[in-house]
Q: 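The structure is given below, and queries will be raised subsequently.
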Amino acid sequence: MKLYEELKWRGLIKDVAGDDIEKKLNDEKITFYWGTDPTADSLHLGHYSSLITAKRLAKAGHHPILLVGGATGLIGDPRPTAEREIISYETINKNLVGIQKQIEKVFEGKAEVVNNYDWIKNFDFITFLRDVGKYINVNYMLNKDIISRRLETGITFAEFSYTLIQGYDFLHLFEEKNCILQAEGSDQWGNITTGLELIKKKTGKEAYAFTMPLVLDSNGNKFGKSEGNALWLDKNKTSSYALYQYLINSDDKMVEDYLKIFTFLTPEEIIDIMNKHNQEPHLRLAQKTLAYEIIKDLHGVDEYESAKKISEALFSGNIKNLTSKQIEEGLSQVPTFNINSDVKLIDLLVDNKIVTSRREAREFLNNNAISVNGDKINDENLIINRETAIEEKYVVIKKGKKNYYLIKIQK
C-alpha cells in the first residue's frame, strides 16, 4: 500500500489542495511543514494525532519542518466563540522551549524545528501590508468559515489578520526552504488556503496541502485545552499511568480508529488485532495495544511497564508491589490525608470521614471491606505510622471495591 493510500485508509486525509498531491507523496521526496502555536508549555494528544502523521511522512522519506509559532502565538488563532487571551512574551518563550523539546523527542532529533517569530519580527507594518496584505482580498478573508462565524459577535483586527501571518509562513518556507506542502488539522484549512493563495499570486507556482480530521473522544469532543479534556504529552502534566488509564478505557467503537491514527502498526497488524479483539472484547487487546504503542513512543517502554504495573496492582490490591513514586502517580487523584503521629485505624477512618461513624467502621472491618496496603484488616486498633507505611511514606486505604484513600506520613 503506497503512502497516500495508507493515509486515506487510516482516515488521515480530509481536505486536499493540489491535483497531483498523490504523486508527490507516493513517488517524490518533498519538504513539508506542520505547525502549532505555543499556547501552553506542552502539546496534548490532539496535537499528537497530527504530529504523528508528520512523522509518517518523515518515515516515508519526506523532509519535515516543524514550526512553533512564536509570532502567531502572540496574536492567537481565531476561535469559534470568543477571542483568545493575549499571552505574554515571557510565557510564549517558556512554552516554546517545552514544545520544541517534545517535538525533537517525538522525531528523535531528526526534524527541522523553526520559529516563525524569527522572520516575522523583521517586518514593519507598512512592508507587511505591501508584501502580504496587498495580495489577499478582504472578501476572500470574510468568506473563511472561522471568520464569518465571528462577525456577529465581533472579531478584532489582530485575530482577523492571523490568517495573513500563517499564510506568509507558508510563502516564506516555500521560497526559503523549498517547502511545497503543509499538513495540519482540519480546523486550519482556512489559514492553509491563504498560504496557497499567497504563493500562487506572488510566485505563480503551485503548492500543496492536506488536512487531517480532528480526533474526537467518545462524546464527540475534540482533544484539547479549550475542551477541558487535554491529555498532555508532558508526563509531569499527564502521567504515563493517567494516559494508560484513558487509553485502556477507550470505547470499543473508537479504538480501531485510534490504532490507525496513533500507531505505526501496519494495516495488516491492525486488522489482525481487531479480529482477535472482536472475538474476545472483554480482554481489551486493542486498548492494551493502543496504550503500549502510544506510551512507548512518547515516554518509552519503561514508562509503559510502570503504568501497567500500577494499574494491575490497584486492580488486584497488591499495593506492596509498588514504589512510593508509583503510588504517587497512581493515586494522585484520590482523597489524601496527612498524619504526623501514631493513630489507630478506626480513628483514622472516622476522623477523616472515610466512614461516617465508628459503628460503620466496625461493619466494614468485620466484613473484610477495609484493606491497608493491600491486606484486608479486621483489627480496628491497628496502628498506622511510619512502620506501617510503604517506604515509610504512604499508607493506602481501600474501602470496598473501588474507594482508595492515600495517607501521607509527615516527617
Q: Any salt bridge between Glu28 and Lys23, counting N to O under 4.0 Å?
A: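 A salt bridge links Glu28 with Lys23.
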Q: Could you work out, with salt bridge (charged side-chain N to carboxylate O under 4.0 Å, His left out) as the rule, every residue matching Lys237, not counting sequence neighbours?
A: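 Applying salt bridge (charged side-chain N to carboxylate O under 4.0 Å, His left out) to Lys237 gives Asp41.
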Q: Can you name the residues that form a salt bridge (charged side-chain N to carboxylate O under 4.0 Å, His left out) with Arg10, not counting sequence neighbours?
A: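 Per chain and number, Arg10 pairs via salt bridge (charged side-chain N to carboxylate O under 4.0 Å, His left out) with Glu6.
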Q: Applying ring-ring contact (aromatic ring centres under 6.0 Å, His included), can you list everything that pairs with Phe107, at least two apart in sequence or on another chain?
A: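 Phe107: no ring-ring contact (aromatic ring centres under 6.0 Å, His included) contacts found.
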Q: Could you go through Phe32 and Tyr208, starting from their C-alpha distance and side-chain angles, then the distance that decides it, and tell me whether this counts as ring-ring contact (aromatic ring centres under 6.0 Å, His included)?
A: CA-CA 9 Å; Phe32 71 96; Tyr208 304 85; over 10 Å; no
Q: Between Phe262 and Tyr48, how do the two ring planes meet: parallel, tilted or perpendicular, split at 30° and 60°?
A: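 Parallel: the ring planes of Phe262 and Tyr48 meet at under 30°.
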Q: Taking only residues two or more places apart in sequence, or in another chain, which ones meet Asn367 in a side-chain hydrogen bond (donor to acceptor under 3.5 Å, both in side chains)?
A: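 With neighbours one apart ignored, the set is empty.
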Q: So, Asp342 and Arg386, do they make that salt bridge, N to O below 4.0 Å?
A: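 No, this pair does not count.
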Q: Are the side chains of Asp37 and Tyr162 in touch, meaning some heavy atoms are under 4.5 Å apart?
A: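 With C-beta onward as the side chain, the pair touches.
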Q: Looking at residues at least two apart in the chain, or sitting in another chain, which of them share a ring-ring contact (aromatic ring centres under 6.0 Å, His included) with Tyr241?
A: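 By the ring-ring contact (aromatic ring centres under 6.0 Å, His included) rule, Tyr241 matches no residue at all.
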Q: Do Val113 and Gln100 have side-chain heavy atoms sitting under 4.5 Å apart?
A: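 Result yes, sub-4.5 Å side-chain heavy-atom pair found.
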Q: With Lys2, which residues qualify under side chain to side chain contact (heavy atoms under 4.5 Å, CB included), at least two apart?
A: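 Glu5, Asn26, Asp27.
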Q: Does Lys200 have any side chain to side chain contact (heavy atoms under 4.5 Å, CB included) partners at least two apart in sequence or in another chain, and if so, which?
A: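 Checked Lys200 against side chain to side chain contact (heavy atoms under 4.5 Å, CB included); zero matches.
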Q: Do any pairs count as a side chain to side chain donor-acceptor pair (under 3.5 Å) and have a residue in residues 394-405, sequence neighbours left out, and if so which ones?
A: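 Passing the test, one end in residues 394-405: Glu328-Tyr394.
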Q: Holding to ring-ring contact (aromatic ring centres under 6.0 Å, His included), I want the full list of residues that pass it with Phe264, two or more places apart in sequence or in another chain.
A: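 For Phe264, no residue satisfies ring-ring contact (aromatic ring centres under 6.0 Å, His included) once neighbours in sequence are set aside.
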Q: Between Ser186 and Asp15, is there a side-chain heavy-atom distance shorter than 4.5 Å?
A: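 Side chain of Asp15 against side chain of Ser186, heavy atoms only: contact under 4.5 Å found.
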Q: Could you name each residue pair satisfying ring pair (Phe, Tyr, Trp, His ring centres under 6.0 Å) that touches residues 266-300, not counting sequence neighbours?
A: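 Only Tyr292-Tyr304 qualify under ring pair (Phe, Tyr, Trp, His ring centres under 6.0 Å).
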Q: Suppose we screen for side chain to side chain contact (heavy atoms under 4.5 Å, CB included). Which residues come up paired with Ile13, at least two apart in sequence or across chains?
A: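 For Ile13 the side chain to side chain contact (heavy atoms under 4.5 Å, CB included) partners, ignoring immediate neighbours, are Tyr4, Leu7, Lys8, Val16, Phe210.
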Q: Tell me, please, which residues at least two apart from Tyr33 pass ring-ring contact (aromatic ring centres under 6.0 Å, His included).
A: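 With sequence neighbours excluded, Tyr33 shows a ring-ring contact (aromatic ring centres under 6.0 Å, His included) to Phe170, given in chain and number order.
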